[in-house]
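Take a look at the structure below.
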Amino acid sequence: MSENMRVRIVPMTADHLDAVTALERICFSDPWSRSLLAAELDNGLSAFLVALDSEGQVAGYAGLQVILDEGTVTNIAVRPDCRRRGVASQLLQVFLDFAQGNRLAFLTLEVRASNYDAIALYGSRGFRSVGRRKNYYEHPREDAVIMTREFSAAPAEAGEEVRP
């Protein structure tokens, strides 16, 4: 594996939509549309991040949706020329830190059963396979592996409200 790529992780904005939409088309057989990605920017339950390379170009991005104390990683995508250089790992770490800092019970995600690199990455970060969704993906049709990382929440102090 190459040395980790230095990236700057920032919240996704409308300025990133063209690059993220292009990345979706490169990385996924059933990509999210630009309008769907734009809608997520206005979704109060979602957080989308981009990893910017040294020239300020989008090297990767990731999305998280939080409902109550449960988080779902919706997307992680990395530009082909930036893969295996720690970009996905850095994006995922931001979500893990957020989950722990905000006392989420768990993070969950789905990944193609054949995406061994992603499964290995998630496993190295404490995610465990908890099931499968048969024929979840199309083009090609394939099962999704459901992976979850649970967090042991410290008990909230009396009267403290816990919100994501």
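Throughout, residue positions are numbered sequentially from 1 according to the sequence presented.
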* Drop me the distance from L64's CG to L91's CG, to the nearest 0.5 angstrom. => 11.5 Å
* Asked: If you measure from OG on S124 to CG on L92, what distance do you get to the nearest 0.5 Å?
  -> 8.0 Å
* **Pair D53 + R79: basic N to acidic O under 4.0 Å** => yes
* Answer yes or no: is there a donor N or O on one side and an acceptor on the other, between the side chain of S29 and the main chain of E138, under 3.5 Å? => yes
* Asked: Side chains of M12 and S46: closer than 4.5 Å at any heavy-atom pair?
  -> no
* Asked: Does the side chain of T108 reach to within under 4.5 Å of the side chain of E70, using non-hydrogen atoms?
  -> no
* To do: Would you name the heavy atoms of I119 and A113 that are closest together and state the gap between them?
  => CD1-O, 3.7 Å
* Nearest 0.5 Å, what's the OG1-CD distance between T74 and E110? -> 10.0 Å
* To do: Give a yes or no on whether V94 and V50 share a hydrophobic cluster (residues Ile, Leu, Val, Met, Phe, Trp, Tyr; joining criterion: side-chain heavy atoms under 4.5 Å apart).
  => no
* Asked: What distance do D18 atom CG and L23 atom CG have between them, rounded to the nearest 0.5 Å?
  -> 12.5 Å
* Sidechain-backbone polar pair: Q65 side chain, E40 backbone, donor-acceptor under 3.5 Å -> no
* Would you check, one step at a time, whether the test side chain to side chain contact (heavy atoms under 4.5 Å, CB included) holds for T21 with E24? => CA-CA 5 Å; T21 301; E24 274 282 315; 5.5 Å; no
* Using the rule that two of Ile, Leu, Val, Met, Phe, Trp, Tyr join whenever any of their side-chain heavy atoms come within less than 4.5 Å, decide whether V20 and L36 are in one cluster. => yes
* Is it possible for you to say whether V66 and Y61 belong to one hydrophobic cluster, with membership spreading through side-chain heavy-atom contacts below 4.5 Å? => no
* To do: Starting from the C-alpha separation in whole Å, work towards a yes-or-no answer on side chain to side chain contact (heavy atoms under 4.5 Å, CB included) for V58 and H16.
  => CA-CA 7 Å; V58 174; H16 302 120; 4.1 Å; yes
* **Shortest non-hydrogen contact between F95 and A47, atoms and distance** => CZ-O, 3.9 Å
* **Heavy-atom check, side chain of L41 versus side chain of T13, under 4.5 Å** => no
* Transitive ILVMFWY side-chain link I9 to L109, under 4.5 Å -> yes
* **Within-4.5 Å side-chain heavy-atom neighbours: F127 and L121** => no
* Kindly indicate whether the side chain of S89, heavy atoms from C-beta on, has any atom under 4.5 Å from the side chain of R125. => yes
* Side chains of M5 and V87 in contact at under 4.5 Å (non-hydrogen atoms) -> yes
* Asked: Between the main-chain N or O of G123 and the side-chain N or O of R128, is there a donor-acceptor pair closer than 3.5 Å?
  -> yes
* To do: Search all heavy atoms of N43 against all heavy atoms of L45 and return the closest pair with its distance.
  => OD1-N, 2.8 Å
* Asked: Take atom CD in E150; do more than 12 heavy atoms of anything else shown fall under 6.0 Å from it?
  -> no
* Same hydrophobic cluster for M147 and Y136, using side-chain heavy-atom links shorter than 4.5 Å among ILVMFWY? -> no
* Is a donor on one side and an acceptor on the other found under 3.5 Å between the side chain of D143 and the backbone of N135? -> yes
* Asked: What is the ring orientation for W32 with F48, classed by angle as parallel under 30°, tilted 30 to 60°, or perpendicular over 60°?
  -> tilted
* Asked: Under 4.5 Å between any side-chain heavy atoms of V73 and N75, yes or no?
  -> no
* To do: Drop me the distance from R133's CZ to E142's CD, to the nearest 0.5 angstrom.
  => 14.5 Å
* **Closest heavy-atom pair and its distance - A59, V7** => CB-CG1, 4.4 Å
* What are the two closest heavy atoms between A118 and V111, and how far apart are they? -> CB-CG2, 3.7 Å
* **R34 side-chain N/O to L17 backbone N/O, donor-acceptor pair under 3.5 Å** => no
* To do: Kindly indicate whether the side chain of I76, heavy atoms from C-beta on, has any atom under 4.5 Å from the side chain of Y122.
  => yes
